[in-house]
Asks: 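Structure incoming, see below.
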Amino acid sequence: MAAFDPLTAITDAFTGFVFGKIETTRLPVRTSTGQAQAVYLPTAAPGLGDSGVIIGREVYSGKGYIYDPFQLYGQQLPAPHWLVLGESGNGKSALEKTYVLRQLRFRDRQVVVLDAQGEDGVGEWNLIAEQMGITPIRLDPMAALDGGIRLNPLDPAITTTGQLALLRTIIEVAMGHGLDERAGFALKVAHSYVNETVTDRQPVLTDIVEQLRHPEPESAEAMNVALEDVRAWGLDVALVLDRLVDGDLRGMFDGPTTVGIDLDAPLIVFDLSHIDRNSIAMPILMAIVGVWLEHTWIRPDRKKRIFLVEEAWHIINSPFVAQLFQRLLKFGRRLGLSFVAVVHHLSDVVDGAAAKEAAAILKMASTRTIYAQKADEARATGRVLGLPRWAVEIIPTLSPGIAVWDVNGNVQVVKHLVTETERPLVFTDRAMTESASSRSPLEDTLADEFDAETESRAAEMERLARADETVA
């Protein structure tokens, strides 16, 4: 028993009188790290499960981050669609490319990419397509005149209703406003007549333009109007379509669809890099490609399809194109379609002419990935997407390759990891400027582990797919 110390007793009594009761001081405890783990248990937010495609690692917990809309759909996701936001140079492109490459390791996946960016005369996805032995579908007005790729809006593979909807959308995008009833009637009559009379070949846009300029008397008699009135109603429509036949977009859409386009390939790349991204041609192209794919590509064959669109503001910022893609998203969800929209700034779409349509498309995107943005843009993004305050505050501070992921309310900060195999295909611009020694030993180790895990997961998914087919 310790000896009584009067001075200590007096000091404790005075301190207790002034400051209140003194807490008992605990004696230090010596322990090992292994023992302390049981006392101070680590905590981390719940992940998205362990089934799907590996993206990288959660920044705060260090856990592997796995995401796959097809695995999560119906359980944690109401829709498989995905919105990727962020300024250039922060890792959006690397994420898209590695995500597609990893999805394609599963044999029941198929991807279409609308590649609107590029350099040296080819699209950004050209290298990946070459590596997979795939020739991109390069839409180029100049090349189309010399035997290049054509997509026919009147292709028999597209339903009659789909053809008419596509023609209306092309005209409305070009005119900047909707068709009135009279112009719509003239177009409908011309389209119906062409489909009924042109039977020995694919109908083409030239047939529609000719019929609009010279309508049949029967068309006027059916509505009890003068023939000259029908011709006048269709004149503006004919002038717009003539741009696709004999204007700056000629060659790409005014003939039968090019034979040999392989819609069964695992990866289909539409190279739009030769089209001026700020011209009216881009949303017209988006509309034609979107509807053409809807009627020729999406099928009830149990395949999981990904439709990735670069520079997606060309879609969301046009009311007429956005309405078409809204239908595509609703229809495709039943047939296993995941739409991935890549946009630099949310303000590009929410403040545009198609704010209502943009809001509807954004609502369908249950997954949102946000890379670094300026503070004011981050606040605006947070308000529109309903992000928590802590996520909004860190968005301007994010380093390249790190993003905030919001998967139907499950918000995490994730570092995207790129394997050594993927690096030369993903960082095409850095291959000439970075040396292999720029990576740390830890990054090399993580990349090796990551690559091995990806291969193992692909093999397991392949085994499960075969078992599922056997049962079926």
Side-chain angles (χ1 to χ4, degrees), residues 53-54 68 70 93-140 142-144 146-151 155 157 252 256-275 285 289-290 292-293 296-299 301-310 336-338 340 342 418-432 447 450-452 454-463 465-466 469:
V53 174
I54 303 174
D68 191 309
F70 305 113
S93 178
L95 174 66
E96 301 154 27
K97 291 175 180 176
T98 56
Y99 176 74
V100 167
L101 288 169
R102 294 168 192 176
Q103 283 280 5
L104 289 177
R105 297 190 183 200
F106 308 139
R107 63 174 182 167
D108 65 338
R109 302 290 197 267
Q110 196 179 28
V111 181
V112 163
V113 176
L114 297 194
D115 183 5
Q117 304 188 74
E119 57 185 11
D120 299 328
V122 296
E124 191 177 359
W125 287 75
N126 189 70
L127 189 59
I128 290 177
E130 283 185 352
Q131 186 71 17
M132 298 186 63
I134 292 167
T135 302
I137 301 171
R138 185 163 293 119
L139 294 173
D140 181 354
M142 299 306 296
D146 191 25
I149 298 294
R150 280 190 175 92
L151 296 178
D155 192 317
M252 291 188 293
T257 299
T258 301
V259 177
I261 295 178
D262 185 9
L263 293 180
D264 292 320
L267 174 64
I268 306 166
V269 177
F270 286 88
D271 184 348
L272 311 181
S273 61
H274 286 249
I275 309 298
L285 280 169
V289 172
W292 192 74
L293 288 173
T296 59
W297 177 56
I298 301 175
R299 301 186 291 270
D301 54 6
R302 300 184 66 183
K303 276 197 174 184
K304 306 297 188 298
R305 291 180 166 88
I306 299 169
F307 188 12
L308 189 150
V309 182
E310 301 266 14
L337 175 70
S338 173
V340 183
V342 184
V418 181
T419 70
E420 200 62 44
T421 303
E422 297 165 333
R423 184 168 291 272
L425 299 175
V426 171
F427 296 114
T428 52
D429 57 336
R430 298 183 184 178
M432 299 297 292
F450 194 65
D451 214 357
T454 302
E455 292 285 357
S456 173
R457 190 168 298 279
E460 178 63 15
M461 292 289 285
E462 183 81 4
R463 185 188 67 77
R466 287 176 179 170
E469 287 186 356

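Scope of the values below: all heavy atoms of this structure, side chains included, with no hydrogens, waters or symmetry mates. One is the number of the first residue; the rest follow in order along the sequence.
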Asks: Got Trp125 and Val111 here, is their nearest side-chain heavy-atom distance under 4.5 Å?
Replies: no
Asks: Working to the nearest 0.5 angstrom, can you tell me the gap between Leu114 CG and Leu293 CG?
Replies: 7.0 Å
Asks: Do you know the tightest heavy-atom contact between Thr257 and Ile261?
Replies: CG2-CD1, 4.4 Å
Asks: Between Phe70 and Ser338, is any pair of side-chain heavy atoms under 4.5 Å apart?
Replies: yes
Asks: Would you say the side chain of Gln103 lies within less than 4.5 Å of the side chain of Ile306, judging by non-hydrogen atoms?
Replies: yes
Asks: Please assess Arg109 against Val100 for the test side-chain contact (heavy atoms from CB on, under 4.5 Å), listing each intermediate value before the final yes or no.
Replies: CA-CA 9 Å; Arg109 302 290 197 267; Val100 167; over 6 Å; no
Asks: Return the CG to OG1 distance between Leu101 and Thr421, rounded to the nearest 0.5 Å.
Replies: 10.0 Å
Asks: Could you measure the distance from the CG atom of Asp262 to the CG atom of Leu267? Nearest 0.5 Å is fine.
Replies: 11.0 Å
Asks: Do the side chains of Asp68 and Lys304 get close enough for a salt bridge, i.e. N-O under 4.0 angstrom?
Replies: no
Asks: What's the shortest heavy-atom distance between Ser93 and Glu124, and which atoms?
Replies: OG-OE2, 2.6 Å
Asks: Assess whether side-chain contact (heavy atoms from CB on, under 4.5 Å) is satisfied between Phe307 and Ile298, documenting all intermediate values.
Replies: CA-CA 10 Å; Phe307 188 12; Ile298 301 175; over 6 Å; no
Asks: Roughly how far, to the nearest 0.5 Å, is CG of Leu285 from CG of Leu272?
Replies: 6.0 Å
Asks: Do Val289 and Leu139 have side chains that get closer than 4.5 Å, going by heavy atoms?
Replies: yes
Asks: When the side chains of residues 126-133 are checked against the rest of the protein, which donor-acceptor pairs come out under 3.5 Å, sequence neighbours left out?
Replies:
from	atom 1	to	atom 2	distance (Å)
Asn126	OD1	Arg138	NH2	3.3
Asn126	ND2	Glu130	OE2	3.3

Asks: What closest approach, in Å, do Ser273 and Asp271 show between heavy atoms, and which atom pair accounts for it?
Replies: OG-OD1, 2.6 Å
Asks: Identify, with sequence neighbours excluded, every residue that meets salt bridge (Lys or Arg N to Asp or Glu O under 4.0 Å) alongside Asp264.
Replies: Arg299
Asks: What distance do Ile54 atom CD1 and Arg102 atom CZ have between them, rounded to the nearest 0.5 Å?
Replies: 7.5 Å
Asks: For the CZ atom of Arg150 and the OG1 atom of Thr258, what is their distance to the nearest 0.5 Å?
Replies: 7.0 Å
Asks: List for me each residue that meets side chain to side chain contact (heavy atoms under 4.5 Å, CB included) alongside Thr296, sequence neighbours excluded, and say none if there are none.
Replies: Ala157, Leu263, Trp292
Asks: Is there a side-chain contact between Phe270 and Ile149 in this structure, where contact means two heavy atoms from C-beta onward sitting under 4.5 Å apart?
Replies: no
